[in-house]
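What you see below is based on every heavy atom in this structure, not just the backbone, and it leaves out hydrogens, waters and symmetry mates. Because the structure is a prediction, the values reported are computed rather than measured.
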Amino acid sequence: MEALLEEILDNASQYKKLGKPASYIPELAKGDVNDLGIYVISSNGQAFRAGDYKKQFTIQSVVKPILLLLVLMDNGIDEVRSRIGVEATGKPFDAINVTDQTLLSQHINPMVNMGAIAMCSLIKGKDYNERFERLLELTRKLAGNPNIHLDEAVYLSEKRTGNKNRALAFMLKSYGMLDDDVEDVLDCYFKACSISVTCKDLARIAYVFASRGKLPISDERVFPAELARFVNAVLVTCGMYDGSGDFAVRVGVPAKSGVGGGIMAVVPTRMGIGIFSPGLDEKGNSLAGTKALEELSHRMYLSIF
Ligand code: GLN
């Protein structure tokens, strides 16, 4: 299996430099396009890896499925469905998805920025520090890694320059969809995006969604299977933003990308995959990472369709 992963990374290498690191968050522009790594955890908990799998990068939007899971655990499916939608936006991750007159809760997708900002306000906690700490704790638990921490430099860079996200938050506020102070909610969102992870962390988290709520090896159940089905379904339809249809055809598994270059891919009942390469395509998805996943899917018949 590791020889296969090496071969796949070799083949995907030619695409590394065709992508560009995200530049709208100054700190992310420093990403090295030469990096490409993969980590796979199979159904019996066995791990396989290749390339730059030890490199740290920020989780960015890959935190959105974890955020969705946390608000589902805190509030239940019915309450969450009354506050946010599940339909794909078909638009970029930071789009202001509002018509002139209306913003309805069913238009708020949890895998794009507006939905994620709204979800920060649905986490239970006495203040936004406690809410973020609970999200961080859940991330650590799913990844089996108590050392996962915040990348301060990226967090401050996001906070300083994240005016599009401010616009999205004020839009929610103006439509009465955000009760709390905009800067408090955004602070939690910027911190959430700036959690530092590796391919191994993402593979572990993906594994738990693939096993519908159970940790590898110990088989400890962290959340009910119906919540995994909820999150995995949302990932198929919009985990790769307006590239989700293309990804479904080419790779065919629930997955989530982030502008840090990470992709978490969930192969239900079979494996969790974490992949990282900071060169992004025009939709903000890792270019070489997607290529590698496409080949892995073909070689191992991973498509769920
Ligand atoms: N922090 C990024 C932002 O808010 C997350 C977006 C992403 O990963 N697509 O724009």
Heavy atoms from other residues, nucleotides or ligands near NZ of K200 exceed 12 (cutoff 6.0 Å): no

Ring-face cation contact, Y128 with R131, 6.0 Å cut, 45° max: yes

Within 6.0 Å of OH in Y24, more than 12 heavy atoms from elsewhere: yes

Criterion side chain to side chain donor-acceptor pair (under 3.5 Å) on D127 and N129, from CA distance to verdict: CA-CA 6 Å; D127 56 27; N129 276 336; 5.0 Å; no

Side-chain heavy-atom pair V251, L302 within 4.5 angstrom cut-off: no

Ion pair E158/K191, N-O distance below 4.0 Å: no

Donor-acceptor pair, side chain of D52 and main chain of K55, under 3.5 angstrom: no

Check: A288 main-chain N/O paired with K16 side-chain donor or acceptor under 3.5 Å: no

Flag side-chain contact, heavy atom, 4.5 Å: Y15 against L36: no

Pairwise distance SG(C199) to NZ(K54) - rounded to 0.5 angstrom: 12.0 Å

Within-4.5 Å side-chain heavy-atom neighbours: F132 and F190: no

Got a list of side-chain donor-acceptor pairs under 3.5 Å for residues 263-279, not counting sequence neighbours?
unit_1: R270; atom_1: NH1; unit_2: Y301; atom_2: O; d: 2.9
unit_1: R270; atom_1: NH2; unit_2: M300; atom_2: O; d: 3.0
unit_1: S277; atom_1: OG; unit_2: D35; atom_2: O; d: 2.9

Fellow cluster residues of L104, listed by chain then number, with links counted only when side-chain atoms sit under 4.5 Å apart: none

More than 12 heavy atoms from other groups under 6.0 Å of NZ on K173: yes

Shortest non-hydrogen separation from L178 to S121 and the atoms involved: CD1-OG, 3.7 Å

V253 versus F247, closest heavy-atom pair with distance: O-CE2, 3.5 Å

Working for side chain to side chain donor-acceptor pair (under 3.5 Å), residues N285 and S257: CA-CA 6 Å; N285 298 323; S257 60; 2.5 Å; yes

Electrostatic pair K141:E220 at N-O distance under 4.0 angstrom: yes

Close side-chain approach of I25 to T58, heavy-atom, < 4.5 Å: no

Atom pair CZ (F209) and CG (L227), whose distance is rounded to the nearest 0.5 Å: 9.0 Å

Determine all donor-acceptor pairs shorter than 3.5 Å in which one atom belongs to a side chain in residues 65-81; sequence neighbours excluded.
unit_1: D74; atom_1: OD1; unit_2: R134; atom_2: NH2; d: 2.9
unit_1: D74; atom_1: OD2; unit_2: K124; atom_2: N; d: 2.8
unit_1: D74; atom_1: OD2; unit_2: R134; atom_2: NH1; d: 2.7
unit_1: N75; atom_1: OD1; unit_2: K124; atom_2: NZ; d: 3.0
unit_1: N75; atom_1: ND2; unit_2: V71; atom_2: O; d: 2.8
unit_1: N75; atom_1: ND2; unit_2: L122; atom_2: O; d: 3.0
unit_1: E79; atom_1: OE2; unit_2: R83; atom_2: NE; d: 3.3

Close side-chain approach of M177 and L103, heavy atoms under 4.5 Å: yes

F223 six-ring face occupied by K214 cation (under 6.0 Å, within 45°): no

Lys/Arg N to Asp/Glu carboxylate O, E226 vs R229, below 4.0 Å: no

Residues, nucleotides or ligands: over 12 heavy atoms within 6.0 Å of K164 NZ: yes

Note, R166 side chain near K159 side chain (heavy atom, < 4.5 Å): yes

Side chain proximity check, M111 to S61, heavy atoms < 4.5 angstrom: no

N109 side chain to E87 backbone, donor-acceptor under 3.5 Å: yes

Greater than 12 external heavy atoms within 6.0 Å of Q106's CD: yes

Close side-chain approach of L28 and P21, heavy atoms under 4.5 Å: no

Y207 with I217, same ILVMFWY side-chain cluster at under 4.5 Å: no

Check against side chain to side chain donor-acceptor pair (under 3.5 Å), D10 and S13: CA-CA 5 Å; D10 248 22; S13 259; 5.1 Å; no

Heavy-atom donor-acceptor pair, K64 side chain to A116 backbone, under 3.5 Å: no

With N145, the side-chain hydrogen bond (donor to acceptor under 3.5 Å, both in side chains) member among T139, D201, T198: D201

